[in-house]
Peer 1: 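Sharing a structure below in structure tokens format, with a few things to ask.
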Number of protein chains: 2
Amino acid sequence: MPRPDSARDRILDAFQGLLIASGERAATLDAVAAAAGVSKGGLLYHFASKDALVDGLIERLEAFAAADDERMRAAPEGTVDYVIRTSVEEGTPFDEALIAVSRLAQGSHEKARTTLAAVRARWETAIAADVGDPAVARAIMLVSDGLYYNSTLLGAFGTTDSRDGAMDELLAVLARLTPTASPGPAAAS
Amino acid sequence: MPRPDSARDRILDAFQGLLIASGERAATLDAVAAAAGVSKGGLLYHFASKDALVDGLIERLEAFAAADDERMRAAPEGTVDYVIRTSVEEGTPFDEALIAVSRLAQGSHEKARTTLAAVRARWETAIAADVGDPAVARAIMLVSDGLYYNSTLLGAFGTTDSRDGAMDELLAVLARLTPTASPGPAAAS
DNA sequence: AACACTATACCGTCCGGTCGGTACAGTGCG
DNA sequence: CGCACTGTACCGACCGGACGGTATAGTGTT
């Protein structure tokens with residue numbers, strides 16, 4: 001075994017991966033167990049029920065979200081830049097957990113929905129504080145949501161290379177929204 | 001019986017409603033039949049399989065989308081105004097069908113995904129034609145997507161009354177993005 | 001009778017969950 | 001040391017119910 005508590009993480013990874021790749025329907029206990037290289041009994045040893053598995057994933061997301069929150073506040077390029085850019089940064093553990101939980105939220109899983117709403121709210125307040133105008137902040141948040149919608153539903157909208165250019169372009173457009181100050185990180189002053 | 005061909009529509013409505021309210025998982029044949037006030041046998045008389053039911057819903061969406069497309073091109077307030085406003089106009093048959101199909105697309109239903117992408121593409125080209133700058137068009141499309149993401153996942157973001165005001169505010173903010181020409185034929189002043 | 005449709009019984013499969021069991025690493029103690 | 005026992009990690013057969021789907025008998029209208 002690679003690491004002591006790796007089985008739990010492997011199961012969570014498998015669950016997440018199945019949710020992202022094939023949706024809630026396909027993320028059955030058997031499928032998760034198989035993907036994690038564990039037997040069904042083994043899975044249920046670590047997570048006593050499917051609800052427990054879901055809770056485990058949500059907790060994981062919350063942990064990532066807390067870390068992201070700190071990084072966001074410390075982002076040198078400003079909050080807007082940070083939030084927009086990380087909206088499509090596929091492959092990070094945080095993004096994957098977020099998309100997986102959003103699949104869950106499409107069902108009627110209440111906790112998944114509220115957790116997602118909380119993460120979103122945190123972003124929006126941070127942007128509002130950075131940008132000043134709450135209406136502008138909402139517009140920017142909606143762009144971020146749209147970015148997620150696209151990567152979640154349609155699977156990105158370009159290759160990684162073209163995406164970076166597209167991101168710069170998008171941020172340049174968005175900079176027009178902030179009336180005050182220059183299109184910069186809204187430095188302190 | 002109310003109307004001759006109402007059974008089919010009622011079934012589609014029920015399927016749609018279940019998808020929106022409780023996700024793909026809950027939209028089983030039994031549940032759909034019960035919600036439509038039809039027996040399971042009755043449901044399967046109209047739709048030979050669950051795939052046929054899904055196809056029926058997608059066809060319905062395509063019909064609505066075609067009608068919407070025409071309305072959009074003829075919209076007096078301009079394409080942007082039309083697309084943004086209809087993004088949260090909950091309750092219209094078109095919106096409901098769209099959200100229902102997007103639930104399907106969260107699973108691995110390929111046709112649902114491509115249909116959604118087609119609708120989105122149609123909007124984006126229309127906006128691009130109206131606005132000029134493709135980068136601005138994409139930003140606006142992302143806001144529309146974000147609006148859908150919100151109404152889909154988090155369930156709107158305000159009451160109907162406050163939403164109209166919020167919409168006006170949002171459109172005013174978005175008007176700043178179009179550098180050329182006036183902020184659109186809307187409201188003016 | 002023919003047709004459009006409904007209702008129910010049923011089938012095989014899959015799903016979430018239980019349960020009995022295995023392997024093994026301790027650990028306290030005589 | 002040897003032995004009894006405990007806890008942790010895991011396996012896989014199995015169960016009841018739900019699922020998608022079939023088959024068929026029945027009903028009301030024309």
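Every value quoted in this text rests on a predicted model; they were computed, and no experiment measured them.
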Peer 1: Please round to the nearest 0.5 Å and tell me the distance separating atom CD of Glu96(B) and atom CG of Leu19(B).
Peer 2: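 Spacing of CD (Glu96(B)) from CG (Leu19(B)) equals 11.5 Å.
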Peer 1: Atom CG of Leu53(B) and atom C1' of dG21(D): how far apart are they, to the nearest Å?
Peer 2: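 Going from Leu53(B) (CG) to dG21(D) (C1'), I get 13 Å.
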Peer 1: If I take atom CZ in residue Phe15(B) and atom C1' in nucleotide dC19(D), what distance separates them, rounded to the nearest angstrom?
Peer 2: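 Between C1' of dC19(D) and CZ of Phe15(B): 14 Å.
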Peer 1: Salt bridge check, Arg85(A) against Asp168(A): does any charged N sit closer than 4.0 Å to a carboxylate O?
Peer 2: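 Yes, this pair counts.
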Peer 1: Nearest heavy-atom pair of Tyr82(B) and Arg71(B): which atoms, and what distance?
Peer 2: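 Looking at all heavy atoms of both residues, the closest pair is OH-NH1, 3.0 Å.
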Peer 1: Scan nucleotides 16-23 of chain C nucleotide by nucleotide, 5' to 3', and note B when protein non-hydrogen atoms come under 4.0 Å of the base, S if they reach only the sugar-phosphate, - if neither.
Peer 2: BBB-----
Peer 1: In whole angstrom, what separates Leu43(B)'s CG from dT8(C)'s P?
Peer 2: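 Whole-Å distance recorded here is 15 Å.
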Peer 1: Give the rounded distance in Å between these two atoms: CZ of Phe47(A) and P of dC11(D).
Peer 2: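 Rounded to the whole Å, the gap is 15 Å.
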Peer 1: Within the pair Ser39(B) and dT6(C), is there a side-chain N or O less than 4.0 Å away from OP1 or OP2?
Peer 2: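 No.
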Peer 1: Please name the pair of heavy atoms, one in Leu104(B) and one in Ala112(B), separated by the smallest distance, quoted to 0.1 Å.
Peer 2: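 In terms of heavy atoms, the two residues are closest at CB-CB, 4.0 Å.
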Peer 1: Check this one for me: any side-chain N or O of His46(B) less than 4.0 Å away from OP1 or OP2 of dA4(C)?
Peer 2: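 Indeed not, no polar side-chain atom of His46(B) lies that close.
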Peer 1: Charged N to carboxylate O below 4.0 Å: is that the case for Arg113(B) and Glu110(B)?
Peer 2: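 Salt bridge present between Arg113(B) and Glu110(B).
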Peer 1: Check step by step if side-chain contact (heavy atoms from CB on, under 4.5 Å) holds for Arg176(A) and Val136(B).
Peer 2: CA-CA 10 Å; Arg176(A) 281 185 226 155; Val136(B) 171; 3.5 Å; yes
Peer 1: At under 4.0 Å, does any side-chain N or O of Tyr45(B) touch on OP1 or OP2 of dT6(C)?
Peer 2: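 No.
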